[in-house]
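Below, chains carry the letters A, B, ... as their sequence lines are ordered, and counting in each starts from 1. Only heavy atoms go into these numbers, but all of them, side chains included; no hydrogens, no water, no symmetry mates.
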Amino acid sequence: MPELPEVETVRLAISEVVNKALIEKVDIFRYDLRWKIKHDLKNNLEKDFFKTPFRLGKYILIPTNKDNVLLIHLGMSGQIKIQNKKYKKTKHDHLNILVKTQCNLTYTITYNDPRRFGFIDLLKKKDIHKHFLLNKLGFEALSKELTINNLKPLLKNRTKSIKNTLIDQTVIAGIGNIYASEILYKAKIHPFRSTNSLSDIDLKTIIKACRFILKKAIKLGGTTIKNHAQPDGKLGYFKQKLKVYGKAGEKCFSCKNNIINSSIAKRSTYYCDNCQM
DNA sequence: CTCCTGACCTGAGTGC
DNA sequence: TGCACTCAGGTCAGGA
């Protein structure tokens, strides 16, 4: 499911219930996600208190009073569900966190992930930037650090296509396969263009399109293709705003040519061959 | 370094 | 109904 807008949607929903909440109970049903969940995660988390969650790329991080940080990655098919009714286990629920808020409300936060490409870990606050999943992340897609000057040195030796570069988390953190196509369509840049062939103006246009598309998608709760849902069960409504992703054979909104689907690095890439140069 | 492939998993959809 | 096959929002390790 989850690229930056979906992860941010989930983070915002988690924030509503975990801030200053007591972690009453942690239940782990399956340890073997993309990597094994640490066996002491349960003991190190219970009876601690959550603070305000933040996000790095596609990772959700929830600090605690004891200076631990709970890391959540949703992989391809991960979902977070937040419920205040009695919990009933469903298929592919792998982990539950029972929290009690300051107002004494109780919520079950459930991590569900059919493909188990996601991951959950607990790390020390001081080790965040040393963590093997976080230490190579590039510039945050929505941060002020994403500028031409910062990007240029990273891109100058890259010969692969700009589409492939955009989903490289060590360059820009947060963009995935759906939004890479959407951003390049918005920027009118052809996805096959080699990265180091782009001019400053091209890069500027891409950065602008990136901010525009991602912000708009967050406003609409992300994109639901298959698995993604907001933690309260609502879908992500950016799907209705997609211009090219999943639209092979349909007419381009601008020039009425057919949208093309073509593989780049074995991942489907949608574009208009006429509008994108 | 950079780039490419295969691997990790389950489920939905398609065609015979 | 069954089976074989393809594809899916991610990302790491290993090798060229």
Side-chain angles (χ1 to χ4, degrees), chain A residues 1-11 29-37 55-60 71-80 90-94 111-121 131-138 141 151-184 192-197 213-214 217-218 220-230 235-248 261-270:
Chain A
M1 111 196 190
E3 305 180 34
L4 188 151
E6 292 75 39
V7 175
E8 181 64 7
T9 299
V10 171
R11 184 192 71 83
F29 309 119
R30 261 197 103 136
Y31 286 85
D32 53 336
L33 303 183
R34 173 79 204 258
W35 294 276
K36 288 259 189 304
I37 297 178
R55 184 183 52 71
L56 290 176
K58 301 173 190 174
Y59 295 88
I60 295 168
L71 171 150
I72 302 173
H73 188 265
L74 300 167
M76 289 277 262
S77 56
Q79 265 189 51
I80 294 290
T90 60
K91 201 172 184 186
H92 306 305
D93 285 354
H94 304 312
Y111 178 81
N112 178 289
D113 184 4
R115 296 178 73 179
R116 286 183 283 123
F117 280 5
F119 184 48
I120 290 181
D121 202 7
H131 190 272
F132 77 112
L133 293 169
L134 306 174
N135 63 10
K136 290 190 238 20
L137 288 179
L151 224 39
K152 265 165 75 174
L154 276 179
L155 302 184
K156 67 176 175 22
N157 290 326
R158 295 195 185 242
T159 54
K160 68 178 181 182
S161 70
I162 181 61
K163 155 63 173 25
N164 206 1
T165 296
L166 281 184
I167 62 176
D168 182 340
Q169 303 303 299
T170 69
V171 178
I172 301 176
I175 302 173
N177 204 41
I178 294 179
Y179 295 106
S181 283
E182 293 296 319
I183 288 164
L184 289 173
F192 281 83
R193 286 275 302 278
S194 77
T195 303
N196 60 5
S197 76
I213 296 281
L214 296 180
I218 291 170
L220 293 174
T223 301
T224 298
I225 302 289
K226 271 186 187 154
N227 295 290
H228 171 65
Q230 303 186 47
L235 303 179
Y237 299 107
F238 191 75
K239 184 176 184 204
Q240 295 154 20
K241 303 287 177 189
L242 295 174
K243 295 275 202 292
V244 287
Y245 186 87
K247 298 196 180 297
N261 173 13
S262 178
S263 249
I264 293 179
K266 300 202 165 164
R267 313 213 51 195
S268 52
T269 304
Y270 298 85

Asker: I need the CG-C1' distance between A:L71 and C:dG10, as an integer number of Å.
Answerer: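 Whole-Å distance recorded here is 14 Å.
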Asker: Run the side-chain hydrogen bond (donor to acceptor under 3.5 Å, both in side chains) test against A:K152 and tell me which residues pass, sequence neighbours left out.
Answerer: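 Here the qualifying residues are A:D200.
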Asker: A:Y111: what forms a ring-ring contact (aromatic ring centres under 6.0 Å, His included) with it, not counting sequence neighbours?
Answerer: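 ring-ring contact (aromatic ring centres under 6.0 Å, His included) list for A:Y111, sorted by chain: empty.
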Asker: For residues A:L74 and A:K58, determine if any side-chain heavy atom of one lies less than 4.5 Å from a side-chain heavy atom of the other.
Answerer: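 A:L74 does not reach A:K58 side chain to side chain.
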Asker: For A:S263, which residues count as a side-chain hydrogen bond (donor to acceptor under 3.5 Å, both in side chains) partner, sequence neighbours excluded?
Answerer: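 Checked A:S263 against side-chain hydrogen bond (donor to acceptor under 3.5 Å, both in side chains); zero matches.
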Asker: For A:F192, which residues count as a side chain to side chain contact (heavy atoms under 4.5 Å, CB included) partner, sequence neighbours excluded?
Answerer: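 Residues passing side chain to side chain contact (heavy atoms under 4.5 Å, CB included) with A:F192: A:H190, A:S262, A:I264, A:Y271.
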Asker: Please measure how far the P atom in B:dC9 lies from the corresponding atom in C:dG14, and state the result in whole Å.
Answerer: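 Comparing P positions in B:dC9 and C:dG14 gives a spacing of 16 Å.
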Asker: Can you name the residues that form a side-chain hydrogen bond (donor to acceptor under 3.5 Å, both in side chains) with A:N164, not counting sequence neighbours?
Answerer: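 None.
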Asker: Would you please name every residue forming a salt bridge (charged side-chain N to carboxylate O under 4.0 Å, His left out) with A:D121, sequence neighbours left out?
Answerer: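 Listed in chain order: A:K38.
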Asker: For C:dT11, does OP1 or OP2 lie under 4.0 Å from any side-chain N or O of A:R267?
Answerer: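 The answer is no; no side-chain N or O of A:R267 sits under 4.0 Å from OP1 or OP2.
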Asker: Can you list the residues that meet the side-chain hydrogen bond (donor to acceptor under 3.5 Å, both in side chains) rule with A:T165, with sequence neighbours excluded?
Answerer: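 side-chain hydrogen bond (donor to acceptor under 3.5 Å, both in side chains) check on A:T165 returns A:T195.
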Asker: Would you say A:S268 reaches C:dC7's phosphate, i.e. side-chain N/O to OP1/OP2 under 4.0 Å?
Answerer: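 Negative; the distance criterion is not met.
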Asker: Can you check each nucleotide of nucleotides 3-8 of chain B against protein heavy atoms at under 4.0 Å and return B for base, S for sugar-phosphate only, - for none, in 5' to 3' order?
Answerer: SSSS-B
Asker: Using a cut-off of under 3.5 Å, enumerate the N/O to N/O pairs linking the protein to nucleotides 13-16 of chain C.
Answerer:
none

Asker: With sequence neighbours left out, write down each residue that passes side chain to side chain contact (heavy atoms under 4.5 Å, CB included) with A:S194, or none if nothing qualifies.
Answerer: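 By the side chain to side chain contact (heavy atoms under 4.5 Å, CB included) rule, A:S194 matches A:N196, A:S197.
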Asker: Would you say B:dT10 has OP1 or OP2 under 4.0 Å from some side-chain N or O of A:K91?
Answerer: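 So the side-chain polar atoms of A:K91 never come under 4.0 Å of the phosphate oxygens OP1 or OP2 of B:dT10.
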Asker: Under the rule for salt bridge (charged side-chain N to carboxylate O under 4.0 Å, His left out), what residues qualify as partners of A:K243, not counting sequence neighbours?
Answerer: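 In terms of salt bridge (charged side-chain N to carboxylate O under 4.0 Å, His left out), with neighbours along the sequence ignored, A:K243 is linked to no residue.
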Asker: So what is the 5' to 3' dot-bracket string for DNA chain B, if pairs are Watson-Crick or G-U wobble with both distances under 3.5 Å, crossing pairs use [ ] and | means the partner sits on another strand?
Answerer: .|||||||.|||||||
